[in-house]
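Presented below is the structure to which this report refers.
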Amino acid sequence: QVQLVESGGGVVQPGGSLRLSCAASGFTFSSFGMHWVRQAPGRGLEWVAFIRYDGSNKYYADSVKGRFTISRDNSKNTLYLQMNSLRGEDTAVYYCARDGMADSRRGNYYMDVWGKGTTVTVSS
Amino acid sequence: DIVMTQSPDSLAVSLGERATINCKSSQSVLYSSDNNNYLAWYQQKPGQPPKLLIYWASTRESGVPDRFSGSGSGTDFTLTISSLQAEDVAVYYCQQYYSTPITFGQGTRLEIK
């Protein structure tokens, strides 16, 4: 079945780095754009980043621009989020999610498949 | 950025009754070239990831019960649950994908009265 499984979360000190991974299965990964969305404890959803199906276009929220990098390896069916210069306000559950439109040049639509999330805690 | 504002923040409805959640965008999310409203609705239950309910403002995702419906156009949208079931207790979010950055509403908590 269609599945996304995040990993790589943990506790990191402010200023530190972490790389999240999202393993996809059950669908043609290389045909879909992918998102990272986060949710701080007790808070709402915040879109973080998007990457087009072929990796050619990437978009970021202003809150992470210049610190986070989204990437993908279509040969490994895996999405990544490299997070540098982490701050307390980056503490959240990070979800990867599939873009709802396959083979889209535009991408960045709704999200039709979500992983269960991985928790990132930034604390000294 | 497009600001999405939901109302109310929380809502208590009796089982079998209608629940209505509103979402207003700070600018239109109706794309004139394809006449689609770039608006989605999600349901999130405690300890679970969000689940897509509605996209293009009124298209129900496969497998979503038909008691869920979406309506509206331009800047004003509504998610309606026609007959509330116990399993519908959740937080509901609207999301615009008209422009980057994608933005969500603050969420509406739905409970049983």
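Chain naming here is simple, since letters A, B, ... match the order of the sequence lines and numbering starts at 1 in each.
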**Asked** Which distance, rounded to the nearest 0.5 Å, do you find between the CG of A:L45 and the CD1 of B:I102?
**Response** 11.5 Å
**Prompt:** Do the side chains of A:L86 and A:V11 join up, straight or via other hydrophobic residues, at under 4.5 Å, putting them in one cluster?
**Reply:** no
**Asked** Do B:I54 and B:Y31 belong to the same hydrophobic cluster, where Ile, Leu, Val, Met, Phe, Trp and Tyr are linked whenever their side-chain heavy atoms lie under 4.5 Å apart, directly or via other members?
**Response** yes
**More than 12 heavy atoms of other groups within 6.0 Å of A:R67 CZ** = yes
**Prompt:** So which of A:G117, A:A61, A:G100, A:G44 has the biggest tally of heavy-atom pairs under 4.5 Å with chain B?
**Reply:** A:G44
**CZ/A:R105: more than 12 non-hydrogen atoms of other groups inside 6.0 Å** = no
**Message:** I need the minimum non-hydrogen distance between B:P49 and A:G115, along with the two atoms involved.
**Reply:** CB-O, 3.1 Å
**Message:** With a 4.5 Å cut-off on side-chain heavy-atom distances among I, L, V, M, F, W and Y, is there a chain of contacts connecting A:V12 to A:Y80?
**Reply:** no
**Complete:** Between the OH atom in B:Y38 and the CG atom in A:N108, the distance rounded to the nearest 0.5 Å is 11.5 Å
**Asked** Given that the side chain runs from C-beta out, which part of A:Y59 has a heavy atom under 4.5 Å from chain B: side chain, backbone, both or neither?
**Response** side chain
**Asked** Can you say whether A:Y109 sits under 4.5 Å from chain B via the side chain, the backbone, both, or neither, judging by heavy atoms?
**Response** both
**Message:** Out of the candidates A:Y95, A:W114, A:W47, A:Y110, only one should pair with B:Y42 under the ring-ring contact (aromatic ring centres under 6.0 Å, His included) rule; please name it.
**Reply:** A:W114
**Prompt:** Heavy-atom distance under 4.5 Å between the side chains of B:P101 and A:D62, does that happen here?
**Reply:** no
**Note, A:D112 side chain near B:Y55 side chain (heavy atom, < 4.5 Å)** = no
**Contacting region of A:R43 [heavy-atom separation from chain B under 4.5 Å]** = backbone
**Asked** What about A:F29 and A:M111, same hydrophobic cluster or not, with Ile/Leu/Val/Met/Phe/Trp/Tyr joined at side-chain heavy-atom distances under 4.5 Å?
**Response** no
**Side chain / backbone / both / neither for B:Y98 at chain A, heavy atoms under 4.5 Å** = backbone
**Request:** Please state whether the side chain, the backbone, both or neither of A:V113 comes within less than 4.5 Å of a heavy atom of chain B.
**Result:** neither
**Single-linkage hydrophobic cluster A:F32~A:F50, side-chain heavy atoms < 4.5 angstrom** = no
**Item:** From CA spacing to verdict: side chain to side chain contact (heavy atoms under 4.5 Å, CB included), B:F104, A:V37
**Value:** CA-CA 10 Å; B:F104 292 89; A:V37 176; 4.3 Å; yes
**Prompt:** Around atom NZ of B:K45, are there more than 12 heavy atoms of other residues, nucleotides or ligands at under 6.0 Å?
**Reply:** yes
**Message:** What I'd like to find out is whether the side chain of A:E46 reaches to under 4.5 Å of the side chain of B:T103, using heavy atoms alone.
**Reply:** no
**Message:** Surrounding NZ of A:K58 (heavy atoms of other residues, nucleotides or ligands, distance under 6.0 Å), is the total greater than 12?
**Reply:** yes
**Complete:** Applying a strict 4.5 Å limit to non-hydrogen atoms, the region of B:Q44 in contact with chain A is side chain
**Prompt:** What are the two closest non-hydrogen atoms of B:S99 and A:R106, and how far apart are they?
**Reply:** N-NH2, 4.4 Å
